[in-house]
Trainee: 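Here it is: the structure, laid out below.
Values below: all heavy atoms of this structure, side chains included; hydrogens, waters and symmetry mates excluded. Within every chain, numbering begins at 1; the chains are lettered A, B, ... in the order of the sequence lines, protein sequences first and strands thereafter.
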2 protein chains.
Amino acid sequence: MRIGDLAKATGVDIETIRYYEKAGLLPEPGREANGYRAYQQAHLERLAFIRHCRALDMPLESIRRLLDFVAHPEAECGDINRLIDEQLARVQARLNSLRALESQLAALRAQCGENHSARECGILHELVAAAHGEACACHFDAKSGSHYLLMGKQKNRP
Amino acid sequence: MRIGDLAKATGVDIETIRYYEKAGLLPEPGREANGYRAYQQAHLERLAFIRHCRALDMPLESIRRLLDFVAHPEAECGDINRLIDEQLARVQARLNSLRALESQLAALRAQCGENHSARECGILHELVAAAHGEACACHFDAKSGSHYLLMGKQKNRP
DNA sequence: CTTGACCCCGGAGCGGCTCCAGGGTTTCCA
DNA sequence: TGGAAACCCTGGAGCCGCTCCGGGGTCAAG
């Protein structure tokens, strides 16, 4: 099986496959006489395993650790549990912050109904005011009331 | 106000402030005689605005666009709405996939209660089986039944 | 006169890819 | 038989949003 076949079979980009090899997740396959990579069934399974874990949003390092367990089945599996727990904790933390984000954005979006000029756009006002509030809170001796957000032209745009 | 003061006032790392300048989000401030950056109130407000938007997980490019609206308040604000809508859509998509992830991980975690050898760890079995299933589904002419995931030692570990 | 706190700059590194240039090989069709 | 298209190789750069590093300058206190 050549790299293109493996890519088609798993739906993984060719470059990504080579990247996993470089990263030490997928073992170097044999080569055909012309230097092309020659994969076997085991590579397909292994790649599918990696992608399944990635779909669970695990970092490559965790996957590496899991693959170590596959290679050493006599080891204790406590670390596997811990690994999954960590991953679960990461996901839940991200979920919480995204939920908060969603409601903030939804509230923001509700500030502006139809098209009008940016000057009177509720969203923009809200953002500027919120930022202003935070700047005062965090704190600095702001002259009260006025907003200083507007500055000269940006010259250093890339 | 020197960069350290601005950092303290906003809670933003010094390096990040310089990064925003390079990225064209924060205008280049004046300099003291010794070359130190000299910030004003406007910079503080602007930095707070940027951080507020970042807290809403907006990419820097979107923030740049928002700042353009602040600078050109006569423009139509339709694009602002679109920008927020896009951001909201991104967040919601991510929320959905994270919710799915969470239940998968929780189910996975339930496969393995106490410590035993990795060989009989339900989590590992589940992962291997799932990956195997996907490899067959997506599809390739797998010899049925056996798992080929286990391979020779990895040599190319970094 | 040294110590320490602050500041400057340019460049590298992170993760997880993705893309590119510049080359070689194979396969198909006229 | 020739040439185009499709595949493969390598090494290196680019993406985002920082973060860290080395090697230096500046300035006030003890």
Trainee: Between B/Ile84 and B/Met58, is any pair of side-chain heavy atoms under 4.5 Å apart?
Mentor: yes
Trainee: OP1 or OP2 of C/dC17 versus the side-chain N and O atoms of A/Arg51: is any pair under 4.0 Å?
Mentor: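 Yes.
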Trainee: Starting the side chain at C-beta, find the nucleotide from D/dG17, D/dC8, C/dC9 nearest to A/Ile14.
Mentor: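 In terms of side-chain proximity for A/Ile14, the closest of D/dG17, D/dC8, C/dC9 is D/dC8.
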Trainee: List in numerical order all residues of residues 92-99 of chain A for which some heavy atom is under 4.0 Å away from an atom belonging to DNA chain D.
Mentor: none
Trainee: Side chain of B/Arg31: nearest nucleotide among C/dC9, D/dC9, C/dC17?
Mentor: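 Given the options C/dC9, D/dC9, C/dC17, the side chain of B/Arg31 is closest to C/dC9.
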Trainee: With the side chain of B/Lys8 defined as its heavy atoms from C-beta on, choose the nearest nucleotide among D/dC20, C/dC6, C/dC17.
Mentor: C/dC6
Trainee: Closest-nucleotide mapping onto DNA chain C: is A/Met58 or B/Asn34 further toward the 5' terminus? I mean the 5' end.
Mentor: B/Asn34
Trainee: Measure from the side chain of B/Arg37, starting at C-beta and using heavy atoms only, and say which of D/dG25, D/dC8, C/dC8 lies closest.
Mentor: C/dC8
Trainee: Considering only NZ, NE, NH1 and NH2 on the basic side and carboxylate oxygens on the acidic side, decide whether B/Arg65 and B/Asp68 come within less than 4.0 Å.
Mentor: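 Salt bridge absent between B/Arg65 and B/Asp68.
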Trainee: Select one nucleotide: of C/dG16, D/dG17, C/dC9, the one nearest the side-chain heavy atoms of B/Arg18.
Mentor: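 Nearest to the side-chain atoms of B/Arg18, counting from C-beta on, is C/dC9.
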Trainee: When you match B/Thr16 and A/Ile3 each to their closest nucleotide on DNA chain D, which lands nearer the 5' end?
Mentor: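 Nearest nucleotide further toward 5': that of A/Ile3.
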Trainee: Is it the case that D/dG25 (base atoms only) and B/Tyr36 (side chain only) share a donor and an acceptor within less than 3.5 Å, ignoring hydrogens and angles?
Mentor: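 Yes, the side chain and the base share a sub-3.5 Å donor-acceptor pair.
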Trainee: Reading DNA chain D from 5' onward, which residue's closest nucleotide shows up sooner: B/Asp13 or B/Arg2?
Mentor: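 Its nucleotide being nearer the 5' end, the pick is B/Asp13.
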Trainee: Can you check whether any acceptor in the base of C/dC19 is under 3.5 Å from a donor in the side chain of A/Glu15, or vice versa?
Mentor: yes
Trainee: Closest to the B/Tyr19 side chain: D/dC18, C/dT18, D/dC9?
Mentor: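 Of D/dC18, C/dT18, D/dC9, D/dC18 is nearest to the side chain of B/Tyr19.
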Trainee: B/Arg46 and B/Tyr39: side-chain donor and acceptor closer than 3.5 Å?
Mentor: no
